[in-house]
Amino acid sequence: MKKPISRQMHGVADYAYAPLMFAAPQIMGFEDEQKAQTVCRVVGVGVLGATMLTRAEWGVYKVLPFKAHLALDVAVSLFSLAAPWIFGFANNTNARNTFIAMGAVGGVVTALSQPEEMLVVK
């Protein structure tokens, strides 16, 4: 079965995910939770960096194979799901639920993305 999210659509999702994660503490109301805020910023910047380095139509420097990008997305999604307990902010409902939602969304987008690499013309 063909997966419904193309490489191009995946890039759009990543370029939306990164700033959303970066801004999540203010949007979701947990800016007083310093650890959660820091992790959001690190994840947002990391996702943006990986997206810009991916060998895809939307990559700026095109050095990271798309399949490696997808593997990083899986790792980030699992990390996001576990972060509230790893960093001790699971009791903050807004922060915890944001990380669970962002981890789940990232995992679903990755699972539904077509893993075809972009052809590179030299």
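Note that SG of Cys40 is 11.0 Å distant from CD of Glu31, once rounded to the nearest 0.5 Å. Taken to the nearest 0.5 Å, the CZ atom of Arg41 stands 11.0 Å off from the CE atom of Met21. Note that OH of Tyr17 is 4.0 Å distant from OG of Ser80, once rounded to the nearest 0.5 Å. Of the inter-residue distances, the one linking Asn94 atom CG with Met28 atom CE reads 6.0 Å to the nearest 0.5 angstrom. Interatomic distance, Asn91 CG to Glu33 CD, rounded to the nearest 0.5 Å: 9.0 Å.
A 4.5 Å side-chain heavy-atom check between Leu70 and Val74 finds every atom pair outside the cut-off. Residues Leu53 and Lys62 form no side-chain contact, since every pair of their non-hydrogen atoms from C-beta on lies 4.5 Å or further apart. Looking only at side-chain heavy atoms (C-beta outward), Phe66 and Thr54 come within less than 4.5 Å of each other. Within the 4.5 Å cutoff, side-chain heavy atoms of Val76 are placed close to those of Val47. Here the side chains of Leu20 and Ile27 are in contact, with some heavy-atom distance below 4.5 Å.
Closest non-hydrogen pair, Ala95 versus Ala36, comes out as CB-CB, 3.9 Å. Here the closest heavy-atom approach between residue Leu81 and residue Ala104 is recorded as CD2-N, 3.9 Å.
Considering Gln8, His10, Lys2 as possible partners of Ser6, the one that fulfils the side chain to side chain contact (heavy atoms under 4.5 Å, CB included) test is Gln8.
Without hydrogens or angle criteria, Lys67 side chain to Glu117 main chain gives no donor-acceptor distance under 3.5 Å. A donor-acceptor pair is defined here as one N or O able to donate and one able to accept, closer than 3.5 Å; no such pair exists between the side chain of Asp14 and the backbone of Thr51. Counting only distance, with no hydrogens or angles, the side chain of Arg55 and the backbone of Leu64 share no donor-acceptor pair below 3.5 Å.
At a threshold of 4.5 Å between side-chain heavy atoms, the hydrophobic network of Ile, Leu, Val, Met, Phe, Trp and Tyr places Leu112 and Val109 in one connected group. Residues Phe99 and Ile86 are members of one and the same hydrophobic cluster, defined by side-chain heavy-atom contacts under 4.5 angstrom among Ile, Leu, Val, Met, Phe, Trp and Tyr. Val45 and Val60 end up in different hydrophobic clusters when Ile, Leu, Val, Met, Phe, Trp and Tyr side chains are linked at under 4.5 Å. Hydrophobic clustering, with ILVMFWY side chains joined whenever heavy atoms are under 4.5 angstrom apart, groups Val108 together with Val105.
Aromatic pair Phe89/Phe30: centroids not less than 6.0 angstrom apart.
With sequence neighbours excluded, the residues satisfying side-chain contact (heavy atoms from CB on, under 4.5 Å) with Val42 are Thr38. Residues meeting the salt bridge (Lys or Arg N to Asp or Glu O under 4.0 Å) test with Glu57, sequence neighbours left out: Arg7. For Tyr15, there are no ring pair (Phe, Tyr, Trp, His ring centres under 6.0 Å) partners at least two apart in sequence or on another chain.
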